[in-house]
Structures are given as structure tokens and as C-alpha cells.
K.L.:
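Have a look at this one.
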Number of protein chains: 2
Amino acid sequence: MRVGLDVGGTKIDALALGTDDTIVARTRVSTGWGDAAVVAAVHDAIDALAVEGGFATLDVASVGIGIPGLVDAAGGRVLHAVNLGVSELDLASAVRERLPVAVAVENDVKAAALGAGSLRGDAHSMAYLNLGTGVAAGIVIDGGLWRGARGTAGEIGHLSVDPNGRVCGCGQRGCIETFCGGGAIARAWGRGGVLPVLDIFDLAEAGDPLAVELRAGIAYGAASAVRCLVLSADVETVVIGGGITALGDRLRDDVARRLRLEGEGSAFIGALRLDERIELLPAGSPAAALGAALVGAAHLHTHLHTHEGAFHG
Amino acid sequence: MRVGLDVGGTKIDALALGTDDTIVARTRVSTGWGDAAVVAAVHDAIDALAVEGGFATLDVASVGIGIPGLVDAAGGRVLHAVNLGVSELDLASAVRERLPVAVAVENDVKAAALGAGSLRGDAHSMAYLNLGTGVAAGIVIDGGLWRGARGTAGEIGHLSVDPNGRVCGCGQRGCIETFCGGGAIARAWGRGGVLPVLDIFDLAEAGDPLAVELRAGIAYGAASAVRCLVLSADVETVVIGGGITALGDRLRDDVARRLRLEGEGSAFIGALRLDERIELLPAGSPAAALGAALVGAAHLHTHLHTHEGAFHG
């Protein structure tokens with residue numbers, strides 16, 4: 001059984017993959033705050049999966065964990081996962097203390113990219129653009145994650161697309177994230193609410209000036225992200241996911257309309273047919289947890305080979 | 001002998017690579033206007049190289065041609081090379097009519113990227129950013145050109161980084177090219193001159209307001225291009241070349257200063273140390289012609305393998 005966990009700020013989305021790559025169990029548990037609570041929640045999730053799927057934790061061969069923040073994938077360490085109260089944690093080793101199997105850790109957006117590619121059945125050339133609290137993308141080429149030289153591949157949330165734009169949490173002005181990141185949007189909206197983005201979409205239709213501006217900005221930011229991914233890495237498809245995509249077709253239509261509009265104003269951009277190259281990850285998609293399971297399973301192979309090497313060496 | 005030609009708007013930079021990969025001859029000839037004249041100039045260049053290097057054209061094993069415009073590399077065709085008066089030309093076939101060897105055609109910026117990587121001796125993870133009349137980049141990963149899904153990898157000149165910026169030839173506003181492309185800069189300057197960019201740098205130092213604005217824009221545009229290449233494809237190094245780099249260290253210092261300034265305002269950007277990851281292609285570098293020769297030589301191998309296949313098939 002290969003377990004995949006998508007650790008979010010409030011809950012863990014967990015699934016178990018059977019030998020034939022089908023999802024045999026899926027469940028959700030609450031996430032804790034701080035190192036020990038996160039590790040405990042990971043074990044809670046695995047236990048809950050075992051109950052759900054009717055298997056023993058002894059049957060777990062590998063665990064893959066997708067987690068927000070800076071991740072040292074090779075070392076299984078998490079750095080600066082601020083939403084979880086984790087500043088530096090050797091998560092893989094901590095989990096292995098109670099469950100001595102192959103454990104791999106990956107940034108949650110990168111894991112989701114891998115999972116989205118797997119779910120599409122075509123991970124030849126795609127990017128997964130996550131519009132969550134922050135904005136980032138994962139690039140999948142020929143079935144594998146594109147890591148780049150220093151781990152910043154796909155960090156397009158902090159590309160400035162407006163020198164006179166709002167100040168970003170990163171210190172720059174007009175970052176893509178200031179337009180279409182949930183955190184920045186909520187701050188710019190400033191009226192509270194459980195789902196500011198939903199309020200913004202609704203009130204924009206009612207003619208509220210700030211809502212109209214912010215809604216247009218969301219489409220502009222997401223369209224800029226798509227343009228950037230195609231004009232630099234040149235991926236064929238951009239799959240869009242993350243909290244903001246709970247808006248569904250209303251968001252998709254806005255972004256596609258913006259891309260079409262840009263294409264009408266520029267033959268160069270028009271020829272790229274960007275509006276036809278975006279897809280929305282369906283609500284409730286297991287992409288992130290599935291990608292985490294795949295990362296864990298890949299680690300299992302490395303693990304076994306090393307082990308075999310030790311026997312023969 | 002493997003010949004490489006960098007076909008520019010006014011001249012062809014030509015070189016011949018010997019068996020040990022050293023440049024045995026290098027020369028320049030004038031480029032013609034229109035299909036027939038371009039083909040004739042290619043042959044002139046090869047003839048001139050043969051004289052220069054003391055070899056017979058019969059010794060030429062392959063010809064690689066780097067040329068501005070949209071290139072169908074697989075088919076050896078050139079589309080929309082507007083600076084050469086070529087709208088659609090099967091250049092490889094046309095050259096082979098008089099010299100029946102392996103002939104490959106590549107976009108000039110992509111060829112230069114390959115050549116720059118080869119000259120650096122490290123083409124593991126780099127981009128070549130060309131600041132010429134237009135702006136584009138070529139990405140080289142693990143020694144090979146990164147082509148992407150539809151051939152737009154590295155076309156960052158047409159990423160908009162200012163929604164209120166000047167209108168670009170492509171129809172969008174505030175494209176990177178409007179800031180640091182020679183054509184757009186000359187139009188915005190509007191005072192003529194043989195080397196507008198040089199005038200702008202000089203007069204900016206004398207306090208001319210338009211010159212100050214445009215000079216700052218050049219650094220902003222180039223810095224935006226570097227940021228984009230690192231935050232999407234995540235290349236380790238960005239080598240900057242093209243006509244504008246005739247300014248040498250004055251340009252390099254401006255771009256590095258701008259990147260440092262952005263890094264001081266943003267811990268995220270600062271940690272990337274972008275100012276330390278740029279290099280200028282030296283004046284007179286044979287990168288583009290060398291890259292073309294490598295493209296031609298690679299084609300030679302494909303050619304031979306296909307030939308062998310036919311014998312054994």
C-alpha cells in the first residue's frame with residue numbers, strides 16, 4: 001500500500017494506492033500546529049486510512065507527504081512551513097520513527113502537479129498553477145517534475161507584472177500573487193468574510209467598484225501566469241487548481257476571456273491559443289495526495305535499490 | 001569540416017570547425033535581401049571560409065545555419081524572417097542544391113544559446129538572453145536546447161511586465177521587449193542616431209530626462225527577463241548577448257545594480273542572488289555561428305544514422 005498525504009493548513013487529504021494504482025482508501029483528518037502535532041497528524045491520517053481501507057499499517061510500503069513551504073526533497077526536510085508552525089523539521093525521519101518505511105516529502109504544489117499529470121493521463125508537457133493563499137506552479141515534463149537548478153522552477157507567483165501594483169508580502173510590487181493569491185486578495189478587499197473571493201465575484205456582478213477591480217485583477221494575474229509558463233517553459237497545458245478554483249467555471253471563464261482578449265489585441269499571443277490550453281482541476285480532486293503517493297512510491301524504488309546494493313556490495 | 005553560419009540582417013558570421021572541435025576558419029560576408037540573395041550569401045560565406053581555412057568545399061561535411069525569425073528546425077524551413085525579406089523558404093533544400101551535404105537550420109537565438117553553452121564549458125542549466133532589435137532567450141539544459149511543446153520556450157520578450165507600458169509591435173502593452181529591445185528603444189528615443197542606446201547611456205549621465213527614463217527601462221526590462229527565466233525554468237546562469245551588449249560593462253553594471261536593488265527590497269528575490277548569475281557574452285563572441293555549426297553537426301549524425309538504417313533495413 002502506497003500512502004499519499006496532502007498536508008494543508010487545516011486538514012490532511014490522505015489516500016492509499018493499491019498495487020494496481022487504484023485509490024483503495026481516501027480520508028481527511030485535522031492538521032496540527034507545530035512540529036510534533038504535524039507528525040502526529042500524519043500518523044493519524046495513516047491510521048484512519050488503514051481503517052477506511054481495511055488494511056494494516058504493516059501493509060504500508062511507502063508514505064509520500066506533500067506540504068506547503070520550502071522542502072528539501074532529497075533530505076525529507078521541511079523549511080518555513082509558516083501555515084503549520086514549522087520552521088525546520090526532518091519530517092521523513094520523524095515519521096519513520098513510528099513507521100519505518102520509505103517516507104518522501106515534497107512541496108505540495110509540486111506534488112499536486114505530478115498528481116494532476118497522472119490524473120490527466122498526459123504528463124508530457126504541462127504546468128499545474130496553484131491559486132491558493134499564495135501562487136506557485138509545478139512543471140511536469142515527460143512524466144517527471146521539472147526541478148530546475150535551485151528549486152525555484154515554477155515560482156512565478158513572485159514575478160512582478162506591474163511596477164505600480166500593490167506591495168507583495170515578498171517586498172516587490174505587482175507580483176502575480178498580489179493579483180490572484182487568496183491572501184493578497186483578502187487583504188486588498190479588507191471587508192472580511194469567509195470566502196472573500198466569492199464575495200468579490202458576486203459584488204462585481206452587482207457593480208461594486210472595488211470588487212470589479214479585484215475580479216479583473218484575478219483574471220489578469222492568472223492570465224499573466226499562464227502566459228509566463230507558456231512563453232518561458234513552453235508547456236502545452238496549464239491545469240489550474242487551489243482554493244480560488246472553488247469558483248469553478250466563473251473563474252475559468254474569466255481567465256479564458258482575459259486570454260482571448262489579449263489574443264485579439266496581439267497576433268503573436270493570439271496564435272498561442274492560450275484560452276484553449278487551460279483546464280481547471282475538478283473540485284475535490286485527489287491530485288495533491290495522489291502526487292504525494294507517487295513521490296513516496298518513487299522513493300521506495302530508490303530505497304530498495306540502495307538496500308539491494310548494500311547486500312551485493 | 002563542419003560549417004556554422006549566423007545569418008544577420010546585414011552580415012553573416014561564418015566559421016568552420018575542425019575534427020578536434022577547434023575553429024579553423026572564421027570570416028564575415030554581406031547578407032542579401034530576399035530568398036535567392038540569402039541562399040547566395042550562404043554559399044558566398046562557405047566559399048570565403050574555404051579560402052580562409054585552406055580547405056575545399058568538398059571537405060564540408062555539414063552546414064548549420066542560425067537565422068532570425070520563425071524556424072521549422074525539423075524541416076529546415078524559415079518563416080517570417082522579416083529583416084531578410086524572407087517570408088517562407090526551404091533554406092536547407094535550397095542550400096543542398098549546390099552543396100549536397102547535411103544542412104540544418106535553427107533560430108539564431110537558439111543557436112547562440114547552444115554556442116554560448118559550449119563556449120562556457122557548462123551548458124547544464126543556462127539561458128542565453130538576446131537583447132537585439134527584439135528580445136528573446138534560448139534555454140539550454142544538459143547540453144541540449146530546451147524546445148518546449150510548441151517552440152515558444154524562451155520567447156519572454158513578449159511577456160508584459162507593465163500593463164500601462166508602451167505599446168509593443170506585437171500589440172500588447174509593456175512587453176519586456178518594449179523596455180530593452182533595440183527597435184522599441186530607438187522608436188521611444190525618436191532622435192535617430194546610429195547607436196541610439198549608446199546615446200541614451202551617455203545622455204542619461206548628462207541628466208537628459210528621457211535618456212534617464214529609457215536607460216532605467218533597459219535595466220528594468222533585462223532584470224525582468226532574468227527574473228522570469230529563473231522563476232519559471234530555473235536556469236542557473238543567464239548569459240546576455242545581442243547588439244545592446246556592445247555597451248559592455250555599462251550595461252552589465254546597470255542590470256546587476258537593478259537586480260541587487262530588487263533583492264534588497266525582497267528577501268525572496270535577494271536569496272536568489274540574481275546579480276551574481278548573469279554574464280555578458282564577450283564582444284565578437286562566435287557563440288551564434290558556433291551554435292549553428294553544432295546544430296549542423298548534430299544533423300549530420302541523424303543523417304548518417306538514417307542512411308545506415310536504410311542499408312540494414
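All values derive from a computational prediction rather than experimental measurement. Letters go in sequence order (proteins before strands), and every chain restarts at 1.
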K.L.:
What part of B:Leu272 gets within 4.5 angstrom of chain A, counting heavy atoms only: side chain, backbone, both, or neither?
P.N.:
both
K.L.:
Would you say the side-chain atoms of A:Asp234 pair up with the backbone N or O of B:Ala149, donor to acceptor, closer than 3.5 Å?
P.N.:
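Confirmed, A:Asp234 side chain pairs with B:Ala149 backbone.
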K.L.:
Count the heavy-atom pairs under 4.5 Å between each of A:Glu264, A:Glu155, A:His124 and chain B, then report the option with the highest count.
P.N.:
A:Glu155
K.L.:
Taking side chain as everything from C-beta outward and backbone as N, CA, C, O, which of these in B:Leu159 sits under 4.5 Å from a heavy atom of chain A? Side chain, backbone, both or neither.
P.N.:
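Interface part for B:Leu159: both.
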K.L.:
Is there side-chain contact between A:Ser160 and B:Arg227, with heavy atoms separated by less than 4.5 Å?
P.N.:
yes
K.L.:
So which of B:Val161, B:Thr152, B:Val235, B:Ile141 has the largest heavy-atom pair count under 4.5 angstrom toward chain A?
P.N.:
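Most heavy-atom pairs within the cutoff with chain A belong to B:Thr152.
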K.L.:
May I have the step-by-step check of side chain to side chain contact (heavy atoms under 4.5 Å, CB included) for B:Ile269 and A:Gln172, ending in yes or no?
P.N.:
CA-CA 8 Å; B:Ile269 294 293; A:Gln172 299 183 98; 3.4 Å; yes
K.L.:
Can you tell which part of B:Arg147 gets under 4.5 Å to a heavy atom of chain A, answering side chain, backbone, both or neither?
P.N.:
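When you check distances to chain A, only backbone atoms of B:Arg147 fall under 4.5 Å.
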K.L.:
Is it true that a side-chain atom of A:Ser266 and a backbone atom of B:Cys170 form a donor plus acceptor pair closer than 3.5 Å?
P.N.:
yes
K.L.:
Measure the spacing between OG of B:Ser232 and CG of A:Leu231 and express it to the nearest 0.5 Å.
P.N.:
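CG of A:Leu231 is found 9.5 Å from OG of B:Ser232.
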K.L.:
Which one, A:Ala267, A:Gly154, A:Ala136, leads in non-hydrogen pairs under 4.5 Å with chain B?
P.N.:
A:Gly154
K.L.:
Which of the residues B:Asp162, B:Leu229, B:Ile156 is involved in the greatest number of heavy-atom pairs with chain A at under 4.5 angstrom?
P.N.:
B:Asp162
K.L.:
Test side chain to side chain contact (heavy atoms under 4.5 Å, CB included) on B:Arg150 and A:Arg277; report intermediate values, then the result.
P.N.:
CA-CA 12 Å; B:Arg150 298 195 188 185; A:Arg277 292 161 75 173; 3.5 Å; yes
K.L.:
With respect to chain B, which residue among A:Ala153, A:Ser125, A:Gly171 yields the maximal number of heavy-atom pairs within a distance under 4.5 Å?
P.N.:
A:Ala153
K.L.:
Counting only heavy atoms closer than 4.5 Å, note whether B:Val230 contacts chain A via side chain, backbone, both or neither.
P.N.:
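For B:Val230, the contact with chain A is made by backbone and side chain together.
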K.L.:
For chain A, which of B:Cys228, B:Pro163, B:Gly148 has the most heavy-atom pairs under 4.5 Å?
P.N.:
B:Pro163
